[in-house]
Amino acid sequence: MASIVLKRTQQKVGDTRFVFGLWKVTKSTCADTRGYRLLDGAGDYGNEKEAGEGVRRAIADGLLWNTFHAHDHVKQIAKMQLGLWGIDYFDLFLIHFPIALKYVDPSHRYPPEWFGDDGKVYTQNTPMHETWSAMEELVDGKLTKNIGLSNCQGSLILDCSPVLQVELHPYLTQEALVKLCKTFSIAVTAYSSFGPQSYVELGVDKGAPSLLKHNVTSAVAKTHGKTEAQVLLRWATQRGIAVIPKSNDLGRLSANLDCNSFDLSASELAALSALNINLRVRAH
């Protein structure tokens with residue numbers, strides 16, 4: 001039996017909100033996660049079926065994985081993912097990366113992941129405009145209400161997207177990109193709000209000190225009687241940026257949702273932004 005029933009709402013995609021990130025969320029806890037109305041999933045996360053058991057009537061975010069960029073594969077995989085989630089449409093469907101990998105038939109392997117059967121990476125020549133055209137057809141076919149991009153920069157987002165999802169935290173403030181998006185009314189969603197924290201066990205954190213233990217973050221947290229995680233999330237949401245926190249711990253999930261109960265001062269926002277070292281943990 002589903003543990004979550006999330007009501008569909010009439011909120012606009014650009015509204016500042018919390019999204020629950022499903023990357024690295026265990027299959028055993030997906031269906032028991034409570035309190036979030038939007039979920040950020042992807043075909044490659046390997047937990048769509050389990051998450052769908054706890055959603056069914058949810059507003060769900062989907063991401064088009066890199067192996068399904070060809071026109072004829074976009075609708076195929078969108079329908080398959082909707083079936084895994086057990087819902088009729090996505091609220092938002094994104095192109096995960098501006099990279100087209102060689103197609104992997106889901107009957108052969110799903111999730112397809114980054115690598116071929118021999119452990120090597122294979123790309124294919126599928127231009128972004130072909131993928132985007134197929135994405136627009138998903139809207140026409142009522143398979144998704146909105147479409148957008150993830151992990152894209154500069155002029156590409158102006159050609160395609162009203163929604164952009166990128167890595168963004170005090171070590172990577174991306175101020176020019178955020179300013180560009182605001183100028184053109186492009187909604188921004190930040191992932192990896194805690195910086196390198198999620199990548200330590202993957203060995204790609206590049207040795208950067210944890211933002212959750214940084215003296216600047218800790219000092220601000222102490223001033224407001226909040227956790228470092230809440231401060232990092234508020235640094236983004238107070239600037240009109242949506243966030244995608246994730247955790248398998250119920251207490252941390254609740255604390256993350258409570259991060260909008262206080263405001264950071266202008267000097268505190270500036271101090272956190274001053275930590276920027278252009279550290280892009282998720283290389284792409």
Cluster question for you: counting only ILVMFWY and a side-chain heavy-atom cut-off of under 4.5 Å, with indirect links fine, are [X] and [Y] together?
X      : Y      : value
Val74  : Val104 : no
Trp235 : Leu172 : no
Ile157 : Trp132 : yes
Ile77  : Tyr122 : no

| remark: Taken in chain and number order and not counting sequence neighbours, the residues that satisfy ring-ring contact (aromatic ring centres under 6.0 Å, His included) with His71 are none

If I compare all heavy atoms of [X] with all of [Y], which pair ends up nearest, and what's the gap?
X      : Y      : answer
Ala255 : Gln230 : O-NE2, 2.9 Å
Ala70  : Glu130 : CA-OE2, 3.4 Å
Leu94  : Gln165 : CD1-NE2, 3.6 Å
Asn146 : Asp91  : ND2-O, 2.9 Å
Tyr191 : Ser150 : CE2-OG, 4.4 Å
His169 : Ser193 : CB-O, 3.7 Å

Atom pairs and distances, donor-acceptor, side-chain atoms in residues 175-187, under 3.5 Å, two or more places apart:
| from | atom 1 | to | atom 2 | distance (Å) |
| --- | --- | --- | --- | --- |
| Lys182 | NZ | Arg239 | O | 3.1 |
| Thr183 | OG1 | Lys179 | O | 2.8 |

How far does [atom1] of [X] sit from [atom2] of [Y], to the nearest 0.5 angstrom?
X      : Y      : atom1 : atom2 : value
Leu168 : Thr173 : CG    : OG1   : 7.0 Å
His73  : Asp105 : NE2   : CG    : 8.0 Å
Phe97  : Asn151 : CZ    : CG    : 4.5 Å
Tyr110 : Gln81  : OH    : CD    : 4.0 Å
Thr126 : Phe68  : OG1   : CZ    : 12.5 Å
Leu275 : Ile277 : CG    : CD1   : 8.5 Å

Considering only heavy atoms from C-beta outward, does the side chain of [X] approach that of [Y] to under 4.5 Å?
X      : Y      : result
Gln174 : Arg280 : yes
Val231 : His224 : no
Met128 : Ile95  : yes
His129 : Asp159 : no
Gln153 : Pro98  : no
Lys226 : Ser261 : yes

With no hydrogens and no angle check, is any side-chain donor or acceptor of [X] less than 3.5 Å from a backbone partner on [Y]?
X      : Y      : result
Gln124 : Tyr103 : yes
Tyr89  : Gly141 : no
Thr223 : Ala219 : yes
Glu228 : Leu211 : no

| request: Could you go through the side chain to side chain contact (heavy atoms under 4.5 Å, CB included) check for Trp114 and Ile99 one step at a time? | output: CA-CA 11 Å; Trp114 277 96; Ile99 303 167; 4.0 Å; yes

| query | Considering residues, nucleotides and ligands other than Asn125, do more than 12 of their heavy atoms fall under 6.0 Å from its CG? | reply | no

| request: May I have the step-by-step check of side chain to side chain contact (heavy atoms under 4.5 Å, CB included) for Thr217 and Leu212, ending in yes or no? | output: CA-CA 7 Å; Thr217 313; Leu212 293 172; 6.0 Å; no

| Relative to the ring of Phe93, is the ring of Phe90 parallel (under 30°), tilted (30 to 60°) or perpendicular (over 60°)? |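 Phe90 vs Phe93 ring planes: parallel.
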
| task | Determine the sole option in Leu272, Asn260, Asp258 for which the side chain to side chain contact (heavy atoms under 4.5 Å, CB included) test with Arg234 is passed. | result | Asn260

